[in-house]
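Written out below as structure tokens is the structure these notes cover.
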There are 2 protein chains.
Amino acid sequence: MNNSKPSIIIADDHPLLLKGLSDFLLEKGYNLLGSGTDGREAYNLITQKKPDIAILDIQMPYMSGIEIAQQCKGANISTKIVLITLHKEKELYQKAKELNIFGYILKEFALEEIENCIKTVKEGSPFFSEKIKEFIGVVQAEVSELDTLTPSEKKILKLIAQDKTNKEIASQLFISYRTVEKHRSNIITKLKIEPKTNSLLIWAKEHHDKLL
Amino acid sequence: MNNSKPSIIIADDHPLLLKGLSDFLLEKGYNLLGSGTDGREAYNLITQKKPDIAILDIQMPYMSGIEIAQQCKGANISTKIVLITLHKEKELYQKAKELNIFGYILKEFALEEIENCIKTVKEGSPFFSEKIKEFIGVVQAEVSELDTLTPSEKKILKLIAQDKTNKEIASQLFISYRTVEKHRSNIITKLKIEPKTNSLLIWAKEHHDKLL
DNA sequence: TATGAAATACGTGTTAACACGTAATTTTGT
DNA sequence: ACAAAATTACGTGTTAACACGTATTTCATA
């Protein structure tokens with residue numbers, strides 16, 4: 001029986017979540033090699049125990065799930081990473097392909113769906129629920145629109161999202177405030193933002209998570 | 001043994017959390033009368049089973065933990081409500097005193113702290129961790145500043161937080177846009193907002209959760 | 001080297017958001 | 001009934017954010 005079940009480590013800084021997941025996996029007979037409560041501990045478990053699958057919370061002290069995935073890729077570790085996320089954190093999905101992240105578990109998943117995920121990942125296929133695929137589609141459309149901006153435009157958009165005025169941005173970048181205005185105008189046109197008072201500030205704040 | 005342990009119902013729309021909490025309580029020998037995955041189910045459990053304590057997630061489909069607390073108060077139900085929250089949702093703490101909410105469990109709590117909470121609540125005392133007390137203090141300072149605003153000023157501040165321009169607000173409220181400007185000026189003065197471009201819009205968006 | 005894109009900066013004009021103020025009317029509380 | 005607060009609305013002025021445009025320089029690429 002244990003031969004057909006993947007070995008797994010898990011990590012989450014929320015004790016109730018960790019307990020829920022841990023109990024679930026044990027009850028289902030998975031080979032749970034260990035559990036951690038922060039990113040460093042999780043990474044150590046992965047390197048020491050070399051599990052088939054690591055189920056990690058994205059947001060943890062010391063190292064995020066993403067950072068762990070990055071480190072595992074860099075170290076050629078074959079463990080398949082599955083990330084747990086409460087919210088659909090937009091910027092995080094963009095990294096999926098780059099980092100060999102095999103799947104995402106939304107915290108609202110029914111327990112059976114979590115088992116599906118594990119089985120799919122064990123077979124070597126990535127697991128993305130329809131909801132996540134759809135969401136990635138939306139994010140990619142928004143990101144590709146952002147890709148039409150020049151480097152300077154992106155930089156200025158970021159500063160706008162940080163509540164900087166044109167004068168402040170100009171001063172920070174050692175350019176004329178008239179240049180900042182020009183860039184703003186170009187951004188509004190490229191992103192097809194409705195021409196309305198404060199519309200660029202509002203847009204920038206609503207999309208600040210994509211302006212990394 | 002069961003005589004000294006309170007009867008409890010729990011509800012959370014996140015299966016892993018619910019499982020974690022449920023398993024924990026059962027392991028500790030609490031008298032778990034039932035568990036629900038949405039607000040309606042939770043409320044039904046409370047009215048049918050009349051537990052000593054109800055541990056409820058704040059955000060659930062159909063009824064929030066807060067709404068359940070409101071209904072219980074209205075119906076003179078003596079069950080003590082404990083709310084589970086992932087984030088420190090500011091507006092929700094304001095209602096604690098009004099609604100006989102006996103405590104908050106942050107999702108990052110260690111399991112022992114959850115048990116402390118339950119014991120304290122069973123003895124009839126409210127349970128607020130130091131972290132939450134401190135946070136409530138900050139929120140109250142901000143809220144009392146908001147209390148210096150007149151009803152009209154508050155209404156306009158809300159609309160500002162909803163991205164409305166002065167013209168739009170004036171049109172919606174059937175007043176002159178010059179009146180809106182005057183109100184804005186008064187708000188900025190009362191809330192001691194730094195006089196800087198877009199500062200009121202920025203402030204309103206950052207504090208929108210308190211503008212209910 | 002030539003070309004196109006990006007970056008820079010200005011001209012000119014309009015409007016919305018702000019400041020500081022006055023004042024009348026209405027509402028509220030005692 | 002009276003006073004204070006709230007609401008309403010205007011006068012006047014400044015400035016920042018926007019629009020639409022021109023133009024030069026720099027950079028990247030073929």
Side-chain angles (χ1 to χ4, degrees), chain A residues 142-208 210-212, chain B residues 142-208 210-212:
Chain A
E142 286 178 347
V143 169
S144 66
E145 219 177 23
L146 267 179
D147 283 343
T148 65
L149 300 187
T150 67
S152 293
E153 286 162 356
K154 281 177 191 163
K155 194 184 302 180
I156 283 166
L157 189 54
K158 254 186 239 170
L159 291 171
I160 290 167
Q162 290 165 18
D163 304 330
K164 306 291 183 191
T165 62
N166 291 351
K167 285 258 176 78
E168 286 167 344
I169 293 167
S171 176
Q172 183 165 334
L173 301 183
F174 303 104
I175 54 176
S176 162
Y177 85 92
R178 293 306 313 279
T179 301
V180 176
E181 282 186 351
K182 185 69 192 173
H183 281 306
R184 289 181 73 125
S185 181
N186 292 338
I187 293 165
I188 288 167
T189 301
K190 285 182 183 179
L191 298 185
K192 301 186 196 81
I193 295 169
E194 184 196 354
K196 182 186 164 189
T197 300
N198 294 322
S199 56
L200 184 53
L201 172 62
I202 289 162
W203 192 97
K205 302 224 32 116
E206 277 169 9
H207 297 78
H208 78 276
K210 293 202 281 294
L211 308 174
L212 297 173
Chain B
E142 285 179 347
V143 169
S144 65
E145 217 177 25
L146 266 180
D147 282 342
T148 66
L149 300 187
T150 67
S152 294
E153 286 161 355
K154 282 177 191 162
K155 195 184 299 180
I156 283 165
L157 190 53
K158 253 187 239 168
L159 292 171
I160 291 168
Q162 289 164 19
D163 303 331
K164 306 293 182 189
T165 62
N166 291 351
K167 284 260 176 78
E168 286 167 343
I169 293 167
S171 178
Q172 185 166 333
L173 301 182
F174 304 103
I175 54 176
S176 161
Y177 86 92
R178 293 307 313 279
T179 300
V180 176
E181 282 185 353
K182 185 69 190 175
H183 281 306
R184 291 182 71 124
S185 180
N186 292 337
I187 292 166
I188 287 168
T189 300
K190 285 183 182 180
L191 298 185
K192 303 188 195 81
I193 295 169
E194 183 196 354
K196 182 187 165 189
T197 300
N198 292 322
S199 56
L200 185 52
L201 172 63
I202 289 162
W203 191 98
K205 308 253 338 155
E206 277 168 9
H207 296 78
H208 78 275
K210 293 202 279 293
L211 308 174
L212 298 173

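Chain identifiers are assigned alphabetically (A, B, ...) following the order of the sequence lines, protein sequences preceding nucleic acid strands; residue numbering begins at 1 within each chain. Remember, predicted model here, so these are calculated numbers, not experimental data.
Residues meeting the side chain to side chain donor-acceptor pair (under 3.5 Å) test with B/Asp163, sequence neighbours left out: B/Lys205. Remark: A/Asn166 pairs with A/Val180, A/Glu181, A/Arg184 by the side-chain contact (heavy atoms from CB on, under 4.5 Å) rule, at least two apart or across chains. Not counting sequence neighbours, the partners of A/Lys164 by the side-chain contact (heavy atoms from CB on, under 4.5 Å) test are A/Leu159, A/Gln162, A/Glu168, A/Ile169, A/Gln172. In this structure, B/Ser185 has no side-chain contact (heavy atoms from CB on, under 4.5 Å) partners at least two apart in sequence or on a different chain. Here A/Lys167 pairs with A/Thr165, A/Tyr177 under the side-chain contact (heavy atoms from CB on, under 4.5 Å) rule; sequence neighbours left out.
For the segment residues 147-156 of chain B, no residue has any heavy atom less than 4.0 angstrom from an atom of DNA chain C. Contacts between residues 159-174 of chain B and DNA chain C, defined by a heavy-atom separation under 4.0 Å, are made by B/Thr165, B/Asn166, B/Lys167.
Protein atom CD of B/Glu194 is 19 Å distant from nucleotide atom P of C/dA17, rounded to whole Å. Rounding to whole angstrom units, OH of residue A/Tyr177 and C1' of D/dT15 are separated by 9 Å. At whole-Å resolution of the value, NE2 in B/His183 and P in C/dA17 are 15 Å apart.
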Checklist entry - What string of B, S and - do you get for nucleotides 19-30 of chain D 5' to 3' if you count protein non-hydrogen atoms under 4.0 Å? => result B-BB--------
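Annotation: side-chain hydrogen bond (donor to acceptor under 3.5 Å, both in side chains) contacts involving residues 148-157 of chain B, sequence neighbours excluded, comprise B/Thr150-B/Glu153, B/Glu153-B/Lys190.
Put simply, A/Ser176 has a side-chain N or O that comes within less than 4.0 Å of OP1 or OP2 on C/dC10.
Note on A/Thr179: a base of the nucleic acid sits closer than 4.0 angstrom, heavy atoms only.
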